[in-house]
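Remember, it's 1-based here, ligands and their atoms both numbered in the order they're listed. Residue indices begin at 1 and follow the sequence shown.
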Amino acid sequence: MGSQTETPYNADDDRSVAAFLAWHVSVGADLAINETPVNRLLPPELRRRDDGQPQTLNQTLNQGQNPSAEQRGRSTTVSSMRPTAASAESAEAAARAATTLAELEAAIKAFEGCALKTTAMNTVFSDGTPDSGLMFVGEAPGADEDRQGKPFVGVSGQLLDRMLGAIGRDRTQAYIGNVMPWRPPGNRKPSPQETTICLPFIKRHIALVKPKVLVFLGGTAAATLLDTTLGITRLRGRWLDYVDEENGLTIPVMPTYHPAYLLRQPALKGDAWRDFLEIQARLTSLSA
Ligand code: URA
């Protein structure tokens, strides 16, 4: 304490620039989107100058402090739309209109209501066999999934493959999706607003697949789709019902630990192993 000196950022010093960039990556800002900052709190039509260039910081500040009467009117209109609810409503309409998995994937790819899409390289929809009877739902794509456009292809996917192998299945004998189709920058957890917006898509996804058994991998999938605030430690290891009243569906679901969590907490693999044995037994009894 006390004697630590801080070197100020110096744009002419390569080491200072490298340290500044490393700090940004460590807090999750790992993608360059634009050369100039854009104030995304402003209504979209005010975010760019008339010449199409991004506004300068001073313009942004001046707009924020001295909005014209017309700008004030527009701001009121936009903020009264409650962007999360409006986006969730449009996701709901797009999801409801999709009657096949291909249509749903196209609808998600065309959807512009979730900001995560602007930083992602790919929309990650699914992998595996829809009529396998077994559907896994994870949280959101990571860097490998974002690059390849497929869920669970990175290290946690490799562990999921081994867990599937332990119950005599491979990826072609299961179907895999995520709550979020786009990678949150820096692999952060999706925000509640982001999951609210994308919830209609994963609900429709499940309704179109209609698996015999669902497995929710980790707390985000379990809490979002079971509409609970209970954590995964409380939820895992027992059969619950996933209920989708709109589609008249009740499907048995086993919430279990996310493979990424198991990689950090290997002592919990025994619990996950027991969950997978339960899943295997349930699938066997349903196909008997
Ligand atoms: N974690 C997830 O929840 N989903 C993926 O697709 C990859 C990692």
**OP:** Quick one, list the residues around ligand 1 where some non-hydrogen atom comes in under 4.0 Å, by chain and residue number.
**Re:** Gly138, Glu139, Ala140, Pro141, Glu145, Pro151, Phe152, Ser156, Asn178, His258

**OP:** State, yes or no, whether a side-chain contact exists between Val124 and Phe152 at a heavy-atom distance under 4.5 Å.
**Re:** no

Original post:
For the side chain of Thr228 and the backbone of Leu230, is there at least one donor-acceptor N/O pair under 3.5 Å apart?
Top reply: yes

Which pairs of donor and acceptor atoms, one on a side chain in residues 217-224, lie under 3.5 Å apart (sequence neighbours left out)?
{"residue": "Thr220", "atom": "OG1", "partner": "Glu139", "partner atom": "OE1", "Å": "2.7"}
{"residue": "Thr220", "atom": "OG1", "partner": "Lys189", "partner atom": "NZ", "Å": "3.1"}
{"residue": "Thr224", "atom": "OG1", "partner": "Thr220", "partner atom": "O", "Å": "2.5"}

Original post:
Ring centres of Phe216 and Phe136 under 6.0 Å apart?
Top reply: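 Ring centres of Phe136 and Phe216 not closer than 6.0 Å.
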
Original post:
Are more than 12 heavy atoms from other residues, nucleotides or ligands located less than 6.0 Å from atom CZ of Arg234?
Top reply: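 Check fails, neighbour count at 12 or below.
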
**OP:** Could you verify whether a donor N or O on one side chain and an acceptor N or O on the other, from Arg204 and Asn247, lie under 3.5 Å apart?
**Re:** yes

